[in-house]
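Labels below follow one simple rule: chain letters A, B, ... track the order of the sequence lines, proteins then strands, and each chain is numbered from 1. Predicted model, so just to flag it, every value in this text is computed and none were measured. Just so you know, these numbers use all the heavy atoms, side chains as well, and skip hydrogens, waters and symmetry mates.
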There are 6 protein chains.
Amino acid sequence: MTYPYPQLNRPSFHWERQRSTEPKVSDWIETFEVQDEIDFQAVDVTVLGVPLSRSSISASGASETPLAMRQLWKSFNPYHIEYDTDLTSLSVLDLGDVEQHVTDISLSHQYIKEAMISMRKYHPHTLPIMLGGDHSITAMLVKGWKESHPEQRIGILQFDTHFDLRSLEDNGPSNGTPIRNLIESGTVEGKNVWNIGLHGFYNSKSLKEYADTHKVNYVTLLQARKTGISCIVERALDDLAKKVDVIYLTVDMDVLDVAYA
Amino acid sequence: MTYPYPQLNRPSFHWERQRSTEPKVSDWIETFEVQDEIDFQAVDVTVLGVPLSRSSISASGASETPLAMRQLWKSFNPYHIEYDTDLTSLSVLDLGDVEQHVTDISLSHQYIKEAMISMRKYHPHTLPIMLGGDHSITAMLVKGWKESHPEQRIGILQFDTHFDLRSLEDNGPSNGTPIRNLIESGTVEGKNVWNIGLHGFYNSKSLKEYADTHKVNYVTLLQARKTGISCIVERALDDLAKKVDVIYLTVDMDVLDVAYA
Amino acid sequence: MTYPYPQLNRPSFHWERQRSTEPKVSDWIETFEVQDEIDFQAVDVTVLGVPLSRSSISASGASETPLAMRQLWKSFNPYHIEYDTDLTSLSVLDLGDVEQHVTDISLSHQYIKEAMISMRKYHPHTLPIMLGGDHSITAMLVKGWKESHPEQRIGILQFDTHFDLRSLEDNGPSNGTPIRNLIESGTVEGKNVWNIGLHGFYNSKSLKEYADTHKVNYVTLLQARKTGISCIVERALDDLAKKVDVIYLTVDMDVLDVAYA
Amino acid sequence: MTYPYPQLNRPSFHWERQRSTEPKVSDWIETFEVQDEIDFQAVDVTVLGVPLSRSSISASGASETPLAMRQLWKSFNPYHIEYDTDLTSLSVLDLGDVEQHVTDISLSHQYIKEAMISMRKYHPHTLPIMLGGDHSITAMLVKGWKESHPEQRIGILQFDTHFDLRSLEDNGPSNGTPIRNLIESGTVEGKNVWNIGLHGFYNSKSLKEYADTHKVNYVTLLQARKTGISCIVERALDDLAKKVDVIYLTVDMDVLDVAYA
Amino acid sequence: MTYPYPQLNRPSFHWERQRSTEPKVSDWIETFEVQDEIDFQAVDVTVLGVPLSRSSISASGASETPLAMRQLWKSFNPYHIEYDTDLTSLSVLDLGDVEQHVTDISLSHQYIKEAMISMRKYHPHTLPIMLGGDHSITAMLVKGWKESHPEQRIGILQFDTHFDLRSLEDNGPSNGTPIRNLIESGTVEGKNVWNIGLHGFYNSKSLKEYADTHKVNYVTLLQARKTGISCIVERALDDLAKKVDVIYLTVDMDVLDVAYA
Amino acid sequence: MTYPYPQLNRPSFHWERQRSTEPKVSDWIETFEVQDEIDFQAVDVTVLGVPLSRSSISASGASETPLAMRQLWKSFNPYHIEYDTDLTSLSVLDLGDVEQHVTDISLSHQYIKEAMISMRKYHPHTLPIMLGGDHSITAMLVKGWKESHPEQRIGILQFDTHFDLRSLEDNGPSNGTPIRNLIESGTVEGKNVWNIGLHGFYNSKSLKEYADTHKVNYVTLLQARKTGISCIVERALDDLAKKVDVIYLTVDMDVLDVAYA
């Protein structure tokens, strides 16, 4: 199959992959070559960059993250010593970046949603990993998934310092709103969201009240540390396992969004 | 007159102004207090922040510039020793910042244009100074002026490393396009633009060709240094004086746009 | 009551406070306006900047801290998610900064002491919070309190990497001396001081011996982590509760002194 | 012809080249693909990375320069506005980096020399541009050229703050020695070296005396500014034109060596 | 005895040592004066700088560490409050730095080995502490010890994020190879190495397999935190106590190698 | 003669001086050893550190400058290539730093003055170079000179962005006041001061008026560049040569005060 994504740009650069007994991540992950025929059957995981940060409430460089992460691939091994896990048994393909418009944010959001729909249509057996971009993209990606699989109930496992439950009325689908966006659009139910890691003076009380009203599950960092973070994660996964068909994981660390469903 | 600007937010903070024989800029420039009646007749200059950087081609923090510049007012004197010029004879009023929408860039652009129109309507005798913001705002501000004074011919004196003549077709009115935007909309004629300071490997050849076709005047940094920068500026002003009614000055130094008409 | 502090300068700037369902700290804390009549009865907490760092043993920028902290008020919410605590029920007034002399440190120290005396005299029901400044100010503030309330026994709860028990003989009341200053002046008894957090190679043995001689209570970071920091704090508070009438809390993190009595 | 360089590694990454009316340098310069047949006849310029900094007297990161420069190709246009020069008429091929040994510096130096010999042998009509690397590489590259063209007299045009005339006796062919290395090995005559830009307290007097003894031409920054830098360069080129067959240009800016012959 | 080290340079600078009740590390550690007769009998500990980083796989400034650490001696007290330990009862002598060649890494390695041999020969009762330098030096130092004490079995206690078990075949004795170097040369048996702190994606699987084959003991950071780091260290020391005569401790924190035997 | 300065501390550290054909500044300048008998007759220049920054209007680290400059001596050669000047013919002795009190600025100022008096008394033939410190020290140093040589008329050649003519009434002899201090104390006449380099928005108009009233000579940076800086300096020296017996040169670059008389 040739490159099937009108909304995507090929990765802006490729590492020269080398055979080695000490491979780097850059030797492992494949990227498209112009002339490639892609055998998606042989691909386990797809990587997708979403270089958007115009939708951030405050000025943000998160749009540089996909490039920066690809550049770091040469500094890491695909083997994790603490878990004795060798990732190279998985075949990973870097699809490139979702095309982003400079002055029309809603168009960029639409492309993001369509990219997810395309991935679910052309190679639904692959696990998508998205590299953001500000957190507004989570709403678009999950909506794309829902449109592809309308029958599925979707859960969210969110590691975040913020609720991201701000109202869309004032400023549209900014990076402060994705979870509310998903709840209000009926894409995800509040009770199927678990937010772990809220802390400090970074949320207003009104957002906490919204979370309570919509039965969003949340565990503050203080609680998570007392109980044990792995224990809390297990509890969240057990709860979601009973209620949903698929879980979208999102890690928001201001500059880093890693997400897969 | 009370605060007449629906598109403006009052300055986010005020310096406590103090009487002193060694005043700082922060002791000189006035800002609105909530309860103020404004006597615009007594105001010579108005300052307007335009905290927009979403329309930048690459990730930019230029939206922080108006705040950063106000914070620096306490570090400078309103007296320039080299020109022996005391600015305190001018009455300067900080109007605040143009309201900016988080996810609708065209709405932000519209507010910017409207703010200029309001300034020209309510206190046309004042000299407006705008603190950007990325360079896309120049197109909006000059269009606002033109709408207020349709009979006037407008000249542009631009200090810039770029032409800012990119096509609007691909990515809309981004920070690479304002001068072309003004030319193609008929707001300013190419021959009434002087761009001083172009240099290095920062412009494509196609933009230079566009400039030539539309008779934009430009002087590269190399030429300006050979001839003398003040001489070049004089030449530009002489030329514009013959052809236009009003000159809009814009200084684009990536993070700094100071503009007045 | 009008502004009653000859030793104080009004805050150097005010945030424009806004009504919002998502208020920031800058929307909550009030600052003086020139024309204000102050109803101190309605104020629960007063904030006082003490921008002194000339009395530091090594070059320090701690005098910039009060300004820097006020500038950060716009970045934080007055609601803490982990403790579900909304601070906006408290009325907080920013009094401004204690006047500091450029070349006469003892005069600056005297102003600091007098500012505390004024606060205790004019609005003794308010809780003062002081933003330093180097740690020499703790001696002056506590002495001011003692002069206002000579009958009260004062305890100190200190979070610090240093004892701050250096001799005043060599270099006067520097930032290495405040606790010794209070002990030797009879303001506070050594046994009523609890220092939590000492660690590493930052104290000389002779200071530890002074602490032992004067029965200063101290818990190193190593001990605090073994026992549990909250447990140690509880133990300190229990001990002080039996022995003193009022506790002065001081947090010395090199650039940050938050203190209240 | 297939890739003919045993001492070279292909470029560690490729930019995805795109057709555009506003091309970037990364869209212009070609890099090898594994399967490429190279038609060297069509290549005007070859780029060679020399990522060596182990031979620097003080700790240096100059070995990162070739990678860093390739990463910057996306930030520059191949058109220079001040000289109205469009570089895209030249065909440029990035050959990759000279293999460098981690603990055997003399082996790395040998590879560098051999890479130059190969370039001169397989495609002598191309202009080589080398991206260093510390300045020790200049000795190796020029020796390689000399071995390929023993009949040619070679001149050096050097822009540098240092003479690079240190003795090789103490510490071998370090980055302080390349010009002396070339003189003492008979590769280049001292009178055929022009060093422009020496300044400040960065050279010892003994090196100046060596330069005088060997009739090295040098112009300090002070002299160059008085006379005019372009005038000095012209004078150097005129002088060399009379005496040598080929000129090797080297620019040493601590972190940047651009060299071509 | 006069200075007995041909391979050593005296410390490049001395702190002026002062008598004080609050001594700093710089007042405690002695350095050579040119005219000194050294009474090694009175010295408990010797400090040796090893300013080598040319043997690092990636560009490194670790050669600056010995100088940087000496400069920091003025910022620390020789008393540790958490362990109530006063180091001044030990007599410590700074011997200076091992001479390093700029372009011959194997010669530098040889000097490092010889410096250890000299220390063991002239004052075997002193405890050597070495300040690196990249981790390649550990192989040289331990080989020097072994040559001085061929009858001793040596154990290694290594705190490291890497195995440092790379093959020497490709790139010689780089900073990725010291432990393998010691094993393959028969200096240390794999079972007498304990590596604590391995973590993340920084090691290839093949190195883990080498460690297993050679029975190197290792504890990942995850395991160490679960069990308790002090517990793991005790376990390692107990194990080594049964099997070896002397333990070489090495702490590799990229820029910091503190080692003693 | 033994060390004759009660107000001085020996240099806090010494470089190990080495004989070399490529000496560094650290190999050239001598520092005291404890046991030294000093033959001041053989000394041409004395260096004195003045590590004071407490008297700065804004927080300053200028007190670190003497240490920082001594640390840089190893990075520079005592030979200047552009002027072909070898400084090693001069014998330079580093006397150490003036003792500074932590909390009594006037005492520190007194020590500074006394240090100058001692230098003029014990070795009046040496040229003193002082390393500041903030600019308040200039007043103390020049007063010390005047007290030693009451019959001499003193001129000041000042390179500065500020007038340093602020009133001493408000904040005492801060770093904004030294020239006014010297004029008002009758130490130096205004007409014997030349200030070169004033520029920008860094001075208040009132200070310029003070300068005019007291006939201080000043040349702004704009004027100096137009006329040529060396020409202006020559003019200043010619003027001072006619009017004074000795010239004190002071260079204030915020972090750098180099002064000699």
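Rounded to the nearest 0.5 Å, atoms NZ (C/Lys208) and CG (E/Asn77) are 14.5 Å apart.
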Inset, instruction - Apply side chain to side chain contact (heavy atoms under 4.5 Å, CB included) to E/Tyr79 and C/Phe201, showing your working. - result: CA-CA 6 Å; E/Tyr79 172 73; C/Phe201 291 101; 5.8 Å; no

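Applying the 6.0 Å contact sphere to NZ of E/Lys243 captures more than 12 heavy atoms from other residues, nucleotides or ligands. Heavy atoms of other residues, nucleotides or ligands lying less than 6.0 angstrom from CZ of C/Arg225 number 12 at most. By the neighbour-count criterion of 12 heavy atoms within 6.0 Å, atom OH of E/Tyr202 is sparsely surrounded, having that number or fewer from other residues, nucleotides or ligands.
Using a 4.5 Å cut-off between heavy atoms, C/Lys205 contacts chain E through both its backbone and its side chain. Contacts of C/Leu221 with chain E are made by both backbone and side-chain atoms, with heavy-atom separations under 4.5 Å.
Scanning both residues, C/Leu198 and E/Ile81, for their nearest heavy atoms gives C-CG2, 3.9 Å. Heavy-atom minimum distance, E/Glu22 versus C/Ser204: CG-OG, 3.4 Å.
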